[in-house]
2 protein chains.
Amino acid sequence: MDNRVYEVQAEYFKALSHPLRIRIVHYLKEGERCVCKIVPYLKEEQSNVSRHLAALKRAGILSSRKEGVSVYYRVQDENVYEILDLVLDSMKKAVREKAVILS
Amino acid sequence: MDNRVYEVQAEYFKALSHPLRIRIVHYLKEGERCVCKIVPYLKEEQSNVSRHLAALKRAGILSSRKEGVSVYYRVQDENVYEILDLVLDSMKKAVREKAVILS
DNA sequence: TGCTTATATGATTAAATGCTCATATATCAT
DNA sequence: ATGATATATGAGCATTTAATCATATAAGCA
């Protein structure tokens, strides 16, 4: 396999490698939201949220549209939820296995 | 959802957010391998590879066993392949969609 | 036009990451 | 015990990432 594949793949993982970005993706599960809603929900600095949104957009996970002075972000890559679920399931399974070992 | 969930989840993604680590996971697909095989395969510094292996192990993705002077690493979390495949499929789909837009 | 609000971006700083070189540790063979 | 080999780890440095503050840009309103 062309090694560059691993590089682009790594970029995707990097985009999800921050808790705040994962929270954003979850928050957008039910549909698009205005930045003006996302920021107070996360209770983080507006500029910081803006950069995390930009990172997710760069990775192709989110997309955005402008409406007047507002910007609405939405999930572009719906597969992201399947990926997030798989990771969570996988980690839960690991914990269960460890629990068995310790019991 | 408890926000700490996003933190542990992010750790998993971080573990896969480097091309070399993804290559390692792929290399171990057919079974465990000795570090003495992994290093020349990757053509990277032994100490560097050692650290990447440690990172994957910390994340629960790999495990290792010692045999004499050698150490064998193997995939502990088999779900990782499903996750890697999903990400790749998802990215391919995005490219196809973009191609349609540009055509 | 000038004012206000929403969002993005530049600059700075602190912290984390990745790499390399050198060295430590462990095991095995002589 | 000595030496050789495999792997891990400490120290140092360069790069990247994240956060914050301040400011730029753009749209809408008076």
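Note on naming: letters A, B, ... go to the chains in the order of the sequence lines (proteins, then strands), and numbering restarts at 1 for each one. Because only heavy atoms are used, hydrogens play no part in the values below, and waters and symmetry mates are left out as well, while side chains stay in.
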How long is the line joining [atom1] of [X] and [atom2] of [N], in whole Å?
X     : N      : atom1 : atom2 : result
A:Y72 : C:dA8  : OH    : P     : 13 Å
B:R51 : D:dG12 : CZ    : C1'   : 11 Å
A:I22 : D:dA18 : CD1   : P     : 12 Å
B:L20 : C:dT17 : CG    : P     : 16 Å
A:E45 : C:dA14 : CD    : C1'   : 16 Å
B:E67 : C:dA26 : CD    : C1'   : 15 Å
B:R65 : D:dA6  : CZ    : P     : 17 Å
B:R58 : C:dG18 : CZ    : C1'   : 12 Å

Under 4.0 Å, counting only non-hydrogen atoms across every strand here, what does B:S70 touch: a base, just sugar-phosphate, or nothing? sugar-phosphate

Could you check whether B:K14 gets within reach of a base, just the sugar-phosphate, or nothing at all, counting any heavy atom under 4.0 Å? sugar-phosphate

Which of these nucleotides, [options], is closest to any side-chain atom of [X]?
X     : options               : value
B:C34 : D:dA26, D:dT7, D:dT9  : D:dT7
A:R21 : C:dA6, D:dA18, C:dA26 : D:dA18
A:V71 : D:dA8, C:dA26, C:dT7  : C:dT7
A:V35 : C:dT7, D:dT7, C:dT9   : C:dT7
A:Y73 : D:dT9, C:dA8, C:dT5   : C:dA8

Can a donor-acceptor pair be found, under 3.5 Å and without considering hydrogens, that links the side chain of [X] to the backbone of [Y]?
X     : Y     : result
B:Y81 : B:V25 : yes
A:R21 : A:K14 : yes
A:Y72 : A:E67 : no

Can you tell which of A:Y73, A:Y41, A:Y27 makes a side chain to side chain donor-acceptor pair (under 3.5 Å) with A:R33? A:Y27

Using heavy-atom distances to pick each residue's nearest nucleotide on DNA chain D, tell me which of A:E44 and A:G68 is more 5'. A:E44

Out of curiosity, does B:V35 fall in the hydrophobic cluster containing B:V69 (side-chain heavy atoms, cut-off under 4.5 Å, transitive links)? no

Using the rule that two of Ile, Leu, Val, Met, Phe, Trp, Tyr join whenever any of their side-chain heavy atoms come within less than 4.5 Å, decide whether A:V95 and A:I101 are in one cluster. no

I want to check one thing: is the phosphate of [N], taken as OP1 and OP2, less than 4.0 Å away from some side-chain N or O of [X]?
X     : N      : value
B:H52 : C:dC19 : yes
A:H18 : D:dT16 : no
B:N48 : C:dG18 : no

Report yes or no: is there a donor-acceptor pair, N or O only, under 3.5 Å between the side chain of A:S47 and the base of D:dC21? yes

Checking only heavy atoms, does the side chain of B:Q46 share a donor-acceptor pair with the base of D:dA6 at less than 3.5 Å? no

